[in-house]
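Every number for a ligand or one of its atoms is a count from 1 in the order of the listing. From a predicted model like this one, the values you see are computed outputs, not experimental measurements. Residues take their numbers from the sequence shown, with the count starting at 1.
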Amino acid sequence: MALVTTKEMFEKSMKENFAIGAFNINNMEMIQGIVDAAAEENAPVILQVSSSAIKYARINYLMKMVQAAVEEHPNIPIAIHLDHGPDFETAKMCIDNGFTSVMIDGSKYDFEENVALTKKVVDYAHEHGVTVEAELGKLAGIEDDVNVSEADAMYTDPEQAKEFVERTGCDSLAIAIGTSHGAYKFKGEAKLRFDILKQIKEKIPNTPIVLHGASTVIPELLDMCNKYGGNIPGAKGVPDEILHEASTSGVSKINVDTDLRLAMTGAIRKVFTEEPSAFDPRKYLGAGRDEVKKAVQHKIRDVFGCSNKA
Ligand code: G3H
Ligand code: 13P
Ligand code: ZN
């Protein structure tokens with residue numbers, strides 16, 4: 001199977017009520033850990049690349065490594081997706097380099113500017129057979145001192161979502177219902193606005209919904225980082241049960257980066273601490289790759305429900 005767009009993947013996930021994992025990649029070990037887990041689970045998988053990942057690893061290396069992953073695992077659908085595309089030029093560069101899906105993140109702009117930018121990317125992408133994810137709503141972490149009306153203004157407005165999708169023709173929509181990026185998502189209890197998700201699904205039932213900022217901040221991985229010399233106190237993510245509920249309530253794509261960073265870092269810290277004489281990078285990068293694979297396999301199998309959905 002060659003690289004696929006997210007279109008076919010989402011058709012199946014919407015029909016069968018599960019979510020597809022979208023995992024951020026920056027290097028070979030991350031790619032191998034993710035696709036090896038997906039292949040063992042016989043699951044579709046989205047590999048996503050941010051513009052800073054492109055700056056770090058270079059687009060040519062990333063594409064070639066992803067193509068190698070596709071050749072090694074011909075039986076599972078793999079999509080290569082631009083994460084948080086900041087502008088038209090970056091989206092175009094990715095499309096021209098063979099990406100099968102791009103995100104244009106116009107959430108920092110006002111509604112009309114977001115519509116115009118997204119539409120421009122959609123027109124170019126669709127001419128090239130590429131699917132487009134857009135974002136409406138603000139994903140900023142909701143602090144304790146933010147009052148209710150300020151918080152409400154950040155969530156995706158269901159009525160606006162309908163107008164946005166109709167006017168832009170985007171293929172999927174990232175929404176804000178209480179998640180945020182990074183390791184510090186909640187100060188108190190973790191909570192998502194499933195009521196808003198339900199209203200959005202009623203307005204745009206045929207548009208796949210994307211959840212960003214959806215790492216669990218897996219407690220074992222956080223502990224591993226902290227136990228072996230790290231200092232990441234008080235981090236908190238979205239618990240597995242809530243993500244599972246999202247995956248059966250109309251969320252089709254769940255984005256994970258932070259958990260993979262914790263997996264890679266925790267495993268490397270452990271090797272460094274337990275074997276101070278080790279200095280072969282394969283020793284610690286290999287341990288990192290194994291831990292990434294374990295975390296991805298857990299999500300695919302136990303949380304997102306996409307095992308055997310290839
Ligand atoms: O949502 C953002 C992703 O976690 C990517 O982060 O821009 O540091 O690669 P990054
Ligand atoms: P996390 O920081 O929760 O892993 O979110 C990643 C993400 O949304 C990438 O787009
Ligand atoms: Zn994101």
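Here's the thing with His84: one of its N/O atoms is less than 3.5 angstrom from an N/O atom of ligand 1. Ligand 1 has a nitrogen or oxygen under 3.5 angstrom from a nitrogen or oxygen of Arg261.
Those atoms of ligand 1 with a heavy atom of Asp257 less than 4.0 angstrom away are 3 (C), 4 (O), 5 (C), 6 (O). In summary, the atoms of ligand 2 found under 4.0 Å from a heavy atom of Lys185, numbered by their order in the structure, are 1 (P), 2 (O), 3 (O). The ligand atoms of ligand 2 that sit less than 4.0 angstrom from a heavy atom of Val256 are 4 (O). Close contacts between ligand 1 and Ser50 involve ligand atoms 5 (C), 7 (O), 9 (O), 10 (P) [criterion: under 4.0 Å to a heavy atom]. Every atom of ligand 2 is numbered from 1 in the order shown, and the set under 4.0 Å from a heavy atom of His212 is 8 (O), 10 (O). Residue His181 has at least one heavy-atom neighbour below 4.0 Å for each of these atoms of ligand 2: 2 (O), 5 (O), 6 (C), 7 (C), 8 (O), 10 (O). Distances below 4.0 Å separate heavy atoms of His181 from the following atoms of ligand 1: 1 (O). Contact atoms of ligand 2 toward His84: 10 (O) (distance under 4.0 Å to a heavy atom of the residue). Using a 4.0 Å cut-off to heavy atoms of Gly182, the atoms of ligand 2 that qualify are 2 (O).
Of all the heavy atoms of Ala214, the ones lying under 4.0 Å from any atom of ligand 2 belong exclusively to the backbone. Within the 4.0 Å heavy-atom criterion, neither part of Val238 lies near ligand 2.
Looking at heavy atoms from C-beta onward, Glu291 lies in side-chain contact with Leu221 at the 4.5 angstrom threshold.
When the options Ser180, Gly213, Ser50 are ranked by their closest heavy atom to atom 5 (O) of ligand 2, first place goes to Gly213.
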